[in-house]
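Nothing here was measured: the structure is a model prediction, and the numbers come from that model.
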Amino acid sequence: MMKLTITKVTGAARLGVISSFAQTGERTMEIPGCLLYTRTASPPHLTHDTLQSIAGVPPVTHVTLSTLAEHHEVLEEYKEGIGKFAGLSDTLLYCSVNDPVSPNPPGFNTNKTVSIWSSGGRLELTPQKFVSLQRALKADWIQCLCDGEVMAEGCSRKRARKSVDRSLAFLDECLKLMSENEALKQKVVIGAIEGGDLQEERLRSARETAKRPVSGFLLDGFPGGSVSPEAKLSLISAVTTELPEEKPRLIHGIGRPDEVLECVERGVDLFDSTFPYEVTERGCALCFTYQYQTDPETAVLHKEELSNGENNEEGTEDAEIDRSNITPYEICLKEKRFVCL
């Protein structure tokens with residue numbers, strides 16, 4: 001059973017160590033922390049040898065059901081799990097339902113199934129199919145099946161309530177099925193907190209999920225611009241207040257350094273590491289200092305400098321570059337000054 005030891009709390013921010021989360025009970029992980037993001041159980045743009053040479057790699061690797069579900073039959077026949085199959089046998093695996101980089105289109109989940117999109121198209125998962133997949137994957141941490149589609153701000157109260165009700169029903173069914181399976185009954189189960197942008201439903205989801213025998217919580221449905229930054233932070237603060245202190249809280253789709261710090265201040269413990277992948281995919285590279293400026297006036301001036309710098313760089317020779325998603329924490333390698341002659 002996973003154990004979280006809190007060593008210091010400042011406001012809602014927490015320092016601590018997660019231990020006993022491996023079947024051997026020998027692994028530990030500091031919080032706040034992040035997971036190693038993968039696509040089809042392979043870290044993007046990193047060979048296995050390169051990964052082995054990097055210091056400080058997170059002890060938990062993040063695999064996604066949406067990229068692996070179509071390989072169910074292969075893994076079931078292999079019998080050793082995705083970790084050994086992908087050369088990740090020396091790490092622990094956390095399996096989420098969806099890939100935070102590619103949110104599913106809305107409107108396809110029902111009371112009986114959750115839809116995921118793989119390279120081959122749409123797949124419908126029942127709790128029975130989900131448990132069968134997890135039996136083949138053999139992940140250590142498992143995000144439970146949920147109605148976790150990203151909802152636009154201002155979604156109807158009926159839709160938010162339905163996402164909570166469905167997710168709780170899926171959680172109960174999956175917990176029942178996993179408890180009946182010898183290979184899955186000792187796994188770490190992560191319950192998802194749903195409810196769109198409605199605080200009332202988010203709190204109901206948090207309270208009801210906390211009553212179930214889960215080992216941690218995922219604050220789901222926040223990727224992208226689905227909810228305004230202010231509403232998102234307010235919801236996160238409200239939800240973490242309702243969750244047990246002795247269990248870790250995860251969130252998907254939050255990767256910018258400033259957003260990570262804001263979530264840490266509101267009690268979030270673990271993050272995915274999709275941000276570096278997204279930066280790489282748009283032809284950019286991370287370039288920022290690790291100094292967190294706490295003086296508000298200086299921070300505002302620094303932000304203005306970054307903004308002015310960006311504007312100055314958008315000269316006529318680089319006008320064709322799409323900068324809509326580029327953050328102040330990165331440089332665009334498509335600019336002519338970075339192109340080798």
Side-chain angles (χ1 to χ4, degrees), residues 12 65-66 96-100 102-116 125 127 130 141-175 189-245 247-255 259-260 262-272:
L65 200 60
S66 57
S96 67
V97 176
N98 294 307
D99 187 337
S102 308
N104 292 336
F108 291 91
N109 295 339
T110 70
N111 292 336
K112 297 183 181 298
T113 64
V114 170
S115 292
I116 60 174
L125 299 181
F130 173 81
W141 295 6
I142 300 172
Q143 179 208 336
C144 196
L145 196 66
C146 59
D147 181 13
E149 65 183 33
V150 178
M151 303 178 199
E153 188 170 14
C155 67
S156 70
R157 183 174 298 276
K158 179 181 178 181
R159 179 65 187 93
R161 185 184 303 115
K162 190 178 293 185
S163 75
V164 175
D165 292 339
R166 285 175 177 173
S167 297
L168 292 172
F170 287 139
L171 177 58
D172 289 337
E173 181 66 16
C174 290
L175 286 172
V189 177
I190 306 296
I193 309 300
E194 306 295 347
D197 64 345
L198 296 180
Q199 181 169 314
E200 177 185 343
E201 291 303 318
R202 285 279 179 180
L203 295 181
R204 182 169 72 91
S205 179
R207 292 172 186 140
E208 290 299 320
T209 305
K211 295 177 182 178
R212 274 70 172 176
V214 297
S215 299
F217 305 93
L218 170 67
L219 279 65
D220 200 20
F222 286 112
S226 57
V227 181
S228 68
E230 297 77 14
K232 180 188 300 184
L233 294 175
S234 176
L235 286 171
I236 290 172
S237 295
V239 168
T240 55
T241 302
E242 294 293 327
L243 297 177
E245 294 183 358
K247 296 181 180 180
R249 302 89 175 256
L250 298 83
I251 194 167
H252 289 168
I254 303 294
E259 293 179 340
V260 169
E262 288 172 340
C263 288
V264 168
E265 289 176 345
R266 288 159 178 81
V268 180
D269 302 316
L270 294 171
F271 303 81
D272 60 46

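Using modelled atom types, no side-chain atom of T209 and backbone atom of A206 make a donor-acceptor pair closer than 3.5 Å. For the pair E242 (side chain) and R207 (backbone), a donor-acceptor distance under 3.5 Å is absent. Checked by atom type and distance alone, the side chain of T240 pairs as donor or acceptor with a backbone atom of R266 at under 3.5 Å. T241 contributes a side-chain N or O that, together with a main-chain N or O of S237, makes up a donor-acceptor pair within less than 3.5 Å.
For the atom pair K162 NZ and S156 OG, the distance stands at 8.0 Å (nearest 0.5 Å). Here the CG-CG distance, from L243 to L203, works out to 9.5 Å after rounding to the nearest 0.5 Å. Note: I142 CD1 to L65 CG = 9.5 Å, rounded to the nearest 0.5 Å. To the nearest 0.5 angstrom, I251 atom CD1 is 11.0 Å from D269 atom CG. Taken to the nearest 0.5 Å, the CD atom of E194 stands 9.5 Å off from the CG atom of L168. Note that the CD1 atom of I193 and the CG atom of L218 stand 8.0 Å from one another [nearest 0.5 Å].
Contact of the V189 side chain with the R212 side chain is not registered, since no non-hydrogen atoms from C-beta on lie closer than 4.5 Å. Counting only heavy atoms from C-beta outward, the side chains of N104 and N109 never approach each other to under 4.5 Å. Looking at K232 and I254, their side chains come closer than 4.5 Å, going by heavy atoms from C-beta outward. Within the 4.5 Å cutoff, side-chain heavy atoms of L175 are placed close to those of P213.
Summarising the geometry of G216 relative to K247, their closest heavy-atom pair is CA-CB, 4.3 Å, with the distance given to 0.1 Å. In terms of heavy-atom proximity, P248 sits nearest to S215 at CD-O, 3.3 Å. What you find for G196 and L235 is that their closest heavy atoms are O-CD1, 3.8 Å. When all heavy atoms of V114 and C146 are compared, the pair lying nearest together is CG2-O, 3.3 Å. Contact record, C174 with F130: SG-CD2, 3.7 Å, taken as the closest heavy-atom pair. Nearest heavy atoms, R249 versus P244: NH2-O, 3.7 Å.
Under the rule for a side-chain contact (heavy atoms from CB on, under 4.5 Å), the partners of L198 that lie at least two apart in sequence or sit in another chain are R157, A160, E201. The side-chain contact (heavy atoms from CB on, under 4.5 Å) test applied to A12 returns no partner, not counting sequence neighbours. The side-chain contact (heavy atoms from CB on, under 4.5 Å) check on T110 picks up K112, T113, with sequence neighbours excluded.
A salt bridge between D172 and K211 is absent, with no side-chain N of the basic residue lying under 4.0 Å from a carboxylate O of the acidic one. Look at D165 and K158 and you find no salt bridge, because none of the NZ, NE, NH1 or NH2 atoms lies under 4.0 Å from a carboxylate O. The residues E149 and R166 are annotated as not salt-bridged, no charged nitrogen and carboxylate oxygen being separated by less than 4.0 angstrom.
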ask   = So V97 and D220, side chain to side chain contact (heavy atoms under 4.5 Å, CB included) or not? Walk me through it.
value = CA-CA 11 Å; V97 176; D220 200 20; over 6 Å; no
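Remark: R202 is positioned above the aromatic ring of F222, its terminal NZ or CZ atom under 6.0 angstrom from the ring centre and at most 45 degrees off the axis.
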